[in-house]
Amino acid sequence: MLYDVIVTRPFDKVFTYSLANKELKVGQVVLVPFGKKFEIGIIWNKNVEKPKYEIKKISKVIEKIILKDTTIEFIKWIANYTLAPLGLVLKLFLINNDIVEFNLEKLNNDKLNASSIILNKEQENAKSEIIQSINSSNKPILLEGVTGSGKTEVYFEIIEKFLKEKKQILIMVPEISLTPQLETRFKKKFGMDVLLWHSKISKKNRQKIWHQCFNGDQVIVIGARSSLFLPFSNLALIVVDEEHDSSYKQEDNIRYQARDLAIVRAKIERNFILLASATPSLETINNVKIKKYNHVFLSKQYSGTPLPEISLVNLTTDKLEKDKWISNSIIEEISKCLDNNGQALIFLNRRGYSPLTLCNSCGFRHECEQCSSWMVMHQKKKVFLCHQCGTIKNLNLNCPKCREKDSIKFIGPGVERVAEELTLLFPEKNISIMSSDSVNTPNKIKKFIDDIVNKEIDIIVATQIMAKGYDFPNLSLVGIVDADAGLFGGDPRAIEKTFNLLQQVGGRAGRGKKLGKVLLQTYFPDQQIIKSIQLREREKFIQRALAERKNFNIPPFGFMTSIIISSHTKTLASKYASELVKLSNNDNNIKVLGPVEAPISLLRGKYRYRILIKGNNRKNINKLTKKIVENAKLPSSIKCIIDVDPYSFM
């Protein structure tokens, strides 16, 4: 019999193979010869017509592993929506031969031994609303709550309901940095192990988890965005924690939004999905407003402590001293906080020591030779580092251009420089940096969290990695060094990201019994977004932001697709980008903007151009995008990436 097979390679077509004396089902996993290698794939169609090329035989049938119809429907949906090759989408689910061919004996599951959590009245009402919503509809549910309101405890109660029914649970988190604290809380509540799924787990664990999910074992997986593609056969509930977080957007290979795909998977498989956030995305809020999602809200902190007071430090009047980055107002509050045996968080979303270096004789700046971006000085590693491509140069304070000695000066602060300033101010205190440079493995993250909880750190200096839903009861002060970062630029989501980030960071303070305090340093105290954060006018901010999005016809009111063209040769990239635009035959209802050089016009040695396609109908935009990309012959020297629903415009 002849079968069409999809292999886990970047192809959008099927390849025909034969197998005698055995009938296979659609979705059956097989190993087939492909070129000089063997590739994993699945049966896509059976009893197909004989093609003109020579047919090879299926080498091996992976017994008992057949993807469900709903999984195949999901694969098709992703490929159609993201315009990614079917083979690459399949690879998200099958990963590789080692995973699929692993033989797992059925494991003994931990028995559920849940301890009771005392919910306050508001949480009890939220729990009842969610259960009522689950019983009456399959709509996604948004669990919104102010920072520290106890959203996790509420969705734990919902998880318990499904665990009693022996179902599988998936809890998605935007970053692996969140998994250790969530894992600890889960074990405490349910008395059973959870499975962690992210890029840093071992090959053996990866194999085990994949097969446990496929076998229908009662498992609870806490995972990053790729956990969505695990082959659950008994899944009942998906929780997308911190649903607003832009880390759910995959920016390499296939570009997808994991939160949105989770909603699609839940719909196809008729599972329940709960989105949780203190700062829901504008897309999610709009879906609540138009009644596509149900909404449950927690308005108070679980501790009963009022939300922390937010004060602005006006840097136009409270001027910083030369080469200092922390205002006297924040320094005074840190002293008070430490005297009261509290912990302080100083936030600056800038890694390294200094973002810019400058020769004070000739004006030379250290720029990456592979990217159009400045090198960042990292004091601890004694290097200049490019944050785009990872290029490293040895630290040398002599100017390579004019040869002047010790002429390289550092402009502006990163977290290392702020920590250095704090060490001079509070020499007796333990000051630690939390950024992706220093806290970058599950073990390091767990130790850092334990050190904060055990009060072995007095002052934390952190980047956005800290704005992720951590719960530190003794943290009573948050000082934000540069509240204005992110307010300006061409990114349509910049204002929303800034608002959410500052609100989330501020929400780390005052989650215990001590009243918290938040101070924002700003040069623009009258700017609308800064005032909205200070006055906690989130609803006003949402109304303004949605009105602005509607006016410009961008998500959630319009649709966008980016095409990014890159090549080692600038003229080739420019020429091909222009050719794509010419093929678009501008439709009245679809705008094709560009091509223009990307803001980061050189990245990893490749010149980049961008095209933006906007319109009111996703299907029509995808149809046009597919047409122009297929009709322009792609030279091997050019890379063309399609980004449906872009988040980054760099």
Side-chain angles (χ1 to χ4, degrees), residues 117 119-120 122-123 126 142-156 171 173-175 177-178 181-182 185 239-247 274-282 284-285 295-312 337 342-347 349 434 449 452-453 460 462-480 483 486 496-520 529-530 532-542:
I117 297 173
L119 301 182
N120 62 28
E122 192 176 39
Q123 288 174 311
L142 170 63
L143 174 58
E144 181 183 2
V146 298
T147 48
S149 59
K151 294 179 290 296
T152 307
E153 284 73 17
V154 173
Y155 74 65
F156 273 12
I171 306 172
V173 291
E175 304 252 5
S177 61
L178 278 176
Q181 199 173 48
L182 195 54
R185 290 169 76 177
V239 176
V240 184
D241 207 355
E242 307 290 334
E243 71 85 29
H244 66 278
D245 199 294
S246 57
S247 299
L274 187 67
L275 311 175
S277 175
T279 55
S281 64
L282 289 176
T284 295
I285 286 170
H295 183 218
V296 178
F297 183 61
L298 297 168
S299 64
K300 299 180 183 72
Q301 291 207 114
Y302 175 75
S303 63
T305 309
L307 287 164
E309 175 195 344
I310 300 174
S311 303
L312 301 184
C337 169
Q343 292 168 302
L345 164 65
I346 303 302
F347 175 81
N349 199 22
M434 188 177 192
I449 290 167
I452 297 173
V453 171
I460 307 141
T463 60
Q464 66 179 3
I465 195 172
M466 178 53 88
K468 302 287 183 185
Y470 292 109
D471 190 7
F472 301 121
N474 204 51
L475 182 62
S476 54
L477 174 70
V478 169
I480 295 170
E496 181 192 3
K497 286 178 189 171
T498 302
F499 188 97
N500 289 349
L501 181 62
L502 296 184
Q503 193 174 328
Q504 289 279 352
V505 172
R508 298 315 106 206
R511 293 168 79 99
K513 293 297 178 187
K514 291 181 181 177
L515 187 63
K517 201 165 199 178
V518 180
L519 283 86
L520 280 73
I529 184 175
I530 299 293
S532 294
I533 291 166
Q534 184 197 9
L535 301 173
R536 298 192 181 278
E537 294 179 337
R538 181 162 173 80
E539 191 53 43
K540 275 190 181 178
F541 163 74
I542 288 165

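Positions are given from 1, in the same order as the sequence printed here.
Side chain of E122 to main chain of S299: a donor-acceptor pair is present (N/O by atom type, distance under 3.5 Å, no hydrogens or angles). Not one N or O on the side chain of R536 forms a donor-acceptor pair closer than 3.5 Å with the backbone of S532. Within the 3.5 Å criterion, the main-chain N or O of V146 finds no donor-acceptor partner in the side chain of Q301.
We find the NE2-OG1 distance between H244 and T284 to be 10.5 Å, quoted to the nearest 0.5 Å. Here the straight-line distance linking atom CD1 of I542 with atom CD of E496 works out to 9.0 Å at 0.5 Å rounding. In this structure, the separation between CD on Q534 and CD on E309 is 9.0 Å, given to the nearest 0.5 Å. Atom-to-atom distance recorded for I460:CD1 and F472:CZ is 6.5 Å, nearest 0.5 angstrom. A distance of 7.0 Å separates NZ in K151 from OG in S277, rounded to the nearest 0.5 Å. Once rounded to the nearest 0.5 Å, the distance linking OG of S149 with NZ of K300 reads 11.0 Å.
Evaluation of the side chain to side chain donor-acceptor pair (under 3.5 Å) rule for N120 yields no partner, not counting sequence neighbours. Under the ring-ring contact (aromatic ring centres under 6.0 Å, His included) criterion, F499 pairs with F541, sequence neighbours left out.
The heavy-atom pair separating S476 from G342 by the smallest distance is OG-CA, 4.0 Å. Residues A483 and T498 approach most closely at O-CG2, 4.2 Å, considering heavy atoms. Here the shortest heavy-atom pairing between V154 and A126 reads CG1-CB, 4.2 Å. The two residues Y302 and G150 come nearest to each other via the heavy atoms CB-N, 4.3 Å. The two residues S246 and K497 come nearest to each other via the heavy atoms CB-CE, 4.4 Å. Considering every non-hydrogen atom in both A509 and V518, the closest pair reads CB-CG2, 4.2 Å.
L501 places none of its side-chain heavy atoms less than 4.5 Å from the side chain of T279. For the pair R508 and T147, the minimum side-chain heavy-atom distance is below 4.5 Å. You'll find the side chain of I452 stays beyond 4.5 Å of the side chain of L475, heavy atoms only. Side-chain contact check for E242 versus V173: every heavy-atom pair is 4.5 Å or farther apart.
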Requested in this report: Decide side chain to side chain contact (heavy atoms under 4.5 Å, CB included) for R538 and I285; before the verdict, give the C-alpha distance in whole Å, the side-chain angles of both, and the deciding distance to 0.1 Å.
Outcome: CA-CA 12 Å; R538 181 162 173 80; I285 286 170; 3.7 Å; yes
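Listed by first and then second residue, the salt bridge (Lys or Arg N to Asp or Glu O under 4.0 Å) pairs involving residues 470-479 are D471-R511 (not counting sequence neighbours).
The residue from L275, V296, T152 that alone fulfils the side chain to side chain contact (heavy atoms under 4.5 Å, CB included) condition with L143 is V296.
Side chains of S247 and E175: a donor on one and an acceptor on the other come within 3.5 Å.
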